[in-house]
Every structure is written in structure tokens, then in C-alpha cells.
Student: 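Before I ask anything, let me first share the structure, which is written out below as C-alpha cells.
Any value given below was found using the heavy atoms of this structure, including those in side chains, with hydrogens, waters and symmetry copies removed.
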Amino acid sequence: QVQLVESGGGLVQPGGSLRLSCAASAIVFRFYAMGWYRQTPGNQRELVAGIPAGGGTTTYADSVKGRFTISRDNTKNTVYLQMNSLTPEDTAVYYCKAGRTTEYWGKGTLVTVSS
């Protein structure tokens, strides 16, 4: 059974940092493109950052460029999202997705940016 488990969310003050992790199981992780998405109530889920199966060129939403960094460790079947200079607008549930011919989603982790 494929599982993607996000962790690392929580409450952080504006200007702070968090590092999200997403651990995958039951897939050949290195073959999958990975992405981080986020969603707020009443809004569609949006892509935050993506990294291809082999690593290499990453993509970011304009709103997070220069602040967030996506990376992956294929030896640990894990993708990360380093988030710096957080603002209240980054408050959302963050989801990771594994994509190839089939897509798999985690259940999300809540990030709250507030003073």
C-alpha cells in the first residue's frame, strides 16, 4: 500500500522557518516526480514546488521563489521543503504528491504562520 506521510508542520512566527518532510513507501521513489502543494479553506490546491524524478531542475510558485527550496533524498525515499521567511499568507495545509503514470497524495500537514 502506497503511503506518503508529511511531517514538520506547525506554528511559526512571521519571518521564521520550517522544514517539511514527506516520506514515501511502497513505490520506487526515484522514478517519481515529487511535488509540494498547499491548500487553504475555500481555495483550490496549488503547486508550491516540484522536483523531477532524477532531481535537477526544480519549479516554484512565484509566491515562494527565493524563500522555499525543494529537495529529495532518494536513499531515504523522502522529499523536503525548506521554507524560510514565512509570512501569514503561507498558512495552509501542505501536501506532497508523487507522480508518474499514477499520482499519490499524502494527507497533509498544517503550517500556521502567526504572531
Side-chain angles (χ1 to χ4, degrees):
Q1 180 179 350
V2 177
Q3 279 194 311
L4 299 178
V5 180
E6 301 96 338
S7 60
L11 174 64
V12 63
Q13 291 188 338
S17 298
L18 282 176
R19 188 195 195 202
L20 305 184
S21 300
C22 172
S25 59
I27 59 172
V28 184
F29 182 77
R30 67 184 184 276
F31 292 158
Y32 283 76
M34 300 298 297
W36 285 99
Y37 291 72
R38 67 186 180 187
Q39 189 171 23
T40 53
N43 293 306
Q44 289 189 332
R45 200 169 292 186
E46 63 171 358
L47 174 67
V48 175
I51 186 166
T57 303
T58 52
T59 57
Y60 296 94
D62 287 343
S63 59
V64 307
K65 282 180 181 176
R67 300 188 298 122
F68 290 11
T69 303
I70 188 171
S71 61
R72 64 189 296 158
D73 185 340
N74 288 347
T75 67
K76 296 182 179 179
N77 290 359
T78 300
V79 62
Y80 304 97
L81 186 68
Q82 178 66 44
M83 306 187 295
N84 299 329
S85 302
L86 285 161
T87 73
E89 288 68 38
D90 296 315
T91 296
V93 178
Y94 284 72
Y95 299 87
C96 75
K97 185 188 83 170
R100 196 183 180 195
T101 54
T102 303
E103 292 181 349
Y104 300 101
W105 290 87
K107 293 183 178 180
T109 184
L110 177 63
V111 172
T112 303
V113 184
S114 175
S115 55

Student: Report whether V48 and V93 are members of the same hydrophobic cluster (ILVMFWY, side-chain heavy atoms less than 4.5 Å apart, transitive linking).
Tutor: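 Different clusters.
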Student: If I take atom CG from residue L81 and atom CE from residue M34, how far apart are they, to the nearest 0.5 angstrom?
Tutor: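 One finds 11.5 Å between CG of L81 and CE of M34.
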Student: Taking atom CG of L47 and atom OG1 of T59, what is their separation to the nearest 0.5 Å?
Tutor: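 Here the rounded value is 5.5 Å.
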Student: In Å and rounded to the nearest 0.5 Å, what is the CG to CZ distance from N77 to R72?
Tutor: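 Rounded to the nearest 0.5 Å, the CG-CZ separation comes out at 9.0 Å.
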Student: Let me see the working for R38 and E46 under side-chain contact (heavy atoms from CB on, under 4.5 Å), right down to the final yes or no.
Tutor: CA-CA 5 Å; R38 67 186 180 187; E46 63 171 358; 2.8 Å; yes
Student: Applying a strict under-4.5 Å side-chain criterion to I, L, V, M, F, W and Y, I'd like to know whether F29 and W105 cluster together.
Tutor: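 Hydrophobic grouping puts F29 apart from W105.
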Student: Step by step, would you call V79 with I70 a side-chain contact (heavy atoms from CB on, under 4.5 Å)?
Tutor: CA-CA 7 Å; V79 62; I70 188 171; 3.9 Å; yes
Student: Should V64 and L86 be counted in the same cluster of Ile, Leu, Val, Met, Phe, Trp and Tyr side chains packed under 4.5 Å apart?
Tutor: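 Per the 4.5 Å side-chain linkage, V64 and L86 are co-clustered.
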Student: Can the ring centres of F68 and W36 be said to be less than 6.0 Å apart?
Tutor: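 Distance test on ring centres: not under 6.0 Å, no.
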Student: Looking at CZ of F31 and CZ of R100, how far apart are the two atoms once the value is rounded to the nearest 0.5 Å?
Tutor: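 It is 6.0 Å, given to the nearest 0.5 Å.
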Student: L20 and V113: same hydrophobic cluster, using ILVMFWY side-chain contacts below 4.5 Å?
Tutor: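 The answer is yes; both residues are in one hydrophobic cluster.
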Student: Is there a side-chain contact (heavy atoms from CB on, under 4.5 Å) between I27 and T102 once you walk through the steps?
Tutor: CA-CA 11 Å; I27 59 172; T102 303; over 6 Å; no
Student: Taking distance alone, no hydrogens or angles, what donor-acceptor pairs closer than 3.5 Å link side-chain atoms of residues 4-17 to residues at least two apart or in another chain?
Tutor:
unit_1: E6; atom_1: OE1; unit_2: K107; atom_2: N; d: 3.1
unit_1: E6; atom_1: OE1; unit_2: G108; atom_2: N; d: 2.9
unit_1: E6; atom_1: OE2; unit_2: C96; atom_2: N; d: 2.9
unit_1: E6; atom_1: OE2; unit_2: G108; atom_2: N; d: 3.2
unit_1: S17; atom_1: OG; unit_2: N84; atom_2: OD1; d: 2.9

Student: Identify whether L18 and Y94 are in the same connected component of the hydrophobic contact network (ILVMFWY, side-chain heavy atoms under 4.5 Å).
Tutor: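 Same cluster.
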Student: Hey, could you give me the CZ/OG1 distance between R67 and T87, rounded to the nearest 0.5 Å?
Tutor: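 So the gap between those two atoms works out to 5.0 Å.
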Student: Between atom CZ of R19 and atom CE of M83, what is the distance when rounded to the nearest 0.5 Å?
Tutor: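 Separation between the atoms: 11.5 Å.
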